[in-house]
Engineer: 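Okay, here's the structure, questions in a sec.
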Amino acid sequence: GGDGALDSVRSDFPGLRTEDGGAWHYLDTAATAQKPQSVIDTMTRGFGEEYATVHRGVYQRSAEMTRRFEAARKRVASFLGSDDDREIVFVRGATEAINLVANTWGGVNIREGDRILISALEHHANIVPWQMLASHVGATIDVCPLTDDGKIDLDAAEKMLTERHKLVAFAHVSNVLGGVLDAKRAASIAHKVGARFLLDGCQAVPRVAVDVQDIGCDFYVMSSHKLYGPTGIGALWAAYDTLDAMPPWQGGGSMIDRVTFEGATYMPPPGRFEAGTPAIVEALGLHAAIDYVDAIGLDAIHAHECDLTTKARDALGQINSVRLLGPADSAGIVSFLMEGVHPHDVATIIDEEGVAVRAGHHCAQPLMDYLDIPSTVRASFGVYNDESDVAALVRGVERVRKIFG
Ligand code: PMP
């Protein structure tokens with residue numbers, strides 16, 4: 001408690017309630033966020049009395065669903081700072097968005113001898129698609145090192161970049177260490193050598209206000225389920241001209257203009273990249289999630305999560321055997337290790353205290369290698385967490401320390 005505007009937020013999330021009414025401290029929002037009742041209600045109606053297909057039906061129910069599906073696209077555009085809803089491609093999630101860029105833009109623009117710069121803290125989703133592309137065309141991937149406190153080292157990036165680099169792909173917020181990238185500076189460094197700049201915004205969209213125009217990036221990708229919306233939908237943003245110059249990826253219904261047995265012509269963006277019946281109700285759910293987050297305000301959410309992060313880091317830092325990773329100004333994500341205790345044991349013991357954290361490599365195995373650790377314990381905050389969650393985490397960690405003495 002004591003957070004003013006955010007005090008009543010927890011009761012909006014049925015996923016945080018327990019059968020016996022006891023406390024459950026959900027600290028795994030970086031993996032996936034719980035859903036507010038408004039998202040659940042929107043989707044229940046969408047699958048119920050409002051359900052119909054989009055883009056095809058001439059009957060009223062389908063026309064209305066199409067209107068709402070396209071309104072969701074507009075909402076995502078404005079949320080990311082774009083004023084053109086044709087710049088939003090609906091995808092399954094950030095993973096599919098990056099694969100789309102690698103296969104379409106990358107297939108045309110990355111050639112033998114070219115280089116791609118990623119960083120040491122990337123999620124597998126922002127590594128493997130580039131490795132697949134690079135091995136296919138004969139390109140090379142370079143890895144930007146981190147600063148001592150675990151942020152992407154942009155001074156190093158600037159020195160590493162050459163005219164051979166065609167793409168820079170960085171996480172906007174690290175899913176393991178929580179550091180926030182100076183995205184504007186990264187964009188300008190990339191553009192100085194003529195490279196395009198992709199931001200993996202998975203962990204950023206629920207935590208910091210994003211404006212793709214202000215940042216000046218070329219591609220921005222996100223997943224709805226980390227933003228308090230449903231799984232199964234996410235978005236790729238790119239400038240319309242960039243999308244228009246990209247060939248299609250998956251073929252099928254909806255993405256074509258005219259098909260004969262001899263060939264097909266394709267829709268303009270974003271339809272060209274949306275083959276098949278889309279995630280209709282999920283789009284409505286994402287719309288409701290953005291409305292929910294926007295009503296509270298990302299600045300308030302960011303301040304709240306930074307405050308919890310500081311409190312958690314301060315308290316955990318007092319415990320002898322704890323080693324904190326990542327920067328002090330991490331945006332809501334705290335990774336740590338305990339001397340002599342495997343992260344999985346830490347997570348299992350504190351689960352008994354009703355605290356849900358994640359232990360593992362967090363889909364960032366190369367980062368574990370880079371830091372020379374096998375895995376971490378990760379506590380990540382969401383809009384619904386408060387000081388009682390921090391206190392429960394600290395109690396759990398104290399208990400682990402006593403058990404392993
Ligand atoms: N990038 C980052 C930084 C992530 O945290 C995640 C999800 N853990 C992804 C990409 C992949 O997102 P999704 O699984 O929703 O496609």
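Nothing here was measured: the structure is a model prediction, and the numbers come from that model. All ligand and atom numbering here is 1-based and tracks the order in the structure.
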Engineer: Could you see which bit of R92 sits under 4.0 Å from ligand 1, with heavy atoms only: side chain, backbone, both or neither?
Structural biologist: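 For R92, there is no contact with ligand 1 at all, from either part.
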Engineer: Taking the six-membered ring for Trp, are F90 and F69 ring centroids under 6.0 Å apart?
Structural biologist: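 Yes, close enough.
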Engineer: For atom 5 (O) of ligand 1, grab the closest protein heavy atom and report residue, atom and distance to one decimal in Å.
Structural biologist: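 Of the protein heavy atoms, Q203 NE2, 2.7 Å lies nearest.
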Engineer: Verify the ring-centre separation between F273 and Y266: is it less than 6.0 angstrom?
Structural biologist: no
Engineer: Nearest heavy-atom pair of A275 and M255: which atoms, and what distance?
Structural biologist: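 Between these two residues, the closest heavy atoms are CB-CG, 3.6 Å.
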Engineer: Give the atoms of ligand 1, by number and element, whose distance to some non-hydrogen atom of S223 is under 4.0 Å.
Structural biologist: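 Within the 4.0 Å cut-off of S223, ligand 1 contributes 12 (O), 13 (P), 15 (O), 16 (O).
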Engineer: If you measure from atom 2 (C) of ligand 1 to every heavy atom of V176, I333, D200, which option wins on shortest distance?
Structural biologist: D200
Engineer: For atom 7 (C) of ligand 1, what is the nearest protein heavy atom, given as residue, atom name and distance?
Structural biologist: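 Checking every protein heavy atom, the shortest distance to atom 7 (C) of ligand 1 gives K226 NZ, 2.3 Å.
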Engineer: Tell me if a side-chain donor or acceptor on R164 pairs with a main-chain N or O of L161 at a distance below 3.5 Å.
Structural biologist: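 Flag not set: sc R164 to bb L161 has no pair under 3.5 Å.
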Engineer: Aromatic rings F170 and F197: how do their planes relate, parallel, tilted or perpendicular, breaks at 30° and 60°?
Structural biologist: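 Geometry flag for F197 against F170: perpendicular rings.
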Engineer: Do K151 and D329 meet the salt-bridge criterion of a basic N to acidic O distance under 4.0 Å?
Structural biologist: yes
Engineer: Please answer whether the main-chain N or O of G229 pairs with a side-chain N or O of K35 as donor and acceptor at a distance below 3.5 Å.
Structural biologist: yes
Engineer: Tell me whether E96 has any N or O atom under 3.5 angstrom from an N or O of ligand 1.
Structural biologist: no
Engineer: Under 4.0 Å from a heavy atom of N175: give me the atoms of ligand 1 that qualify, with their elements.
Structural biologist: 3 (C), 5 (O)
Engineer: For ligand 1, which atoms sit closer than 4.0 Å to a heavy atom of T95?
Structural biologist: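 Near T95, the atoms of ligand 1 are 11 (C), 12 (O), 13 (P), 14 (O), 16 (O).
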Engineer: Tell me: protein heavy atom nearest atom 4 (C) of ligand 1, and distance?
Structural biologist: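 The closest one turns out to be H123 CD2, 3.4 Å.
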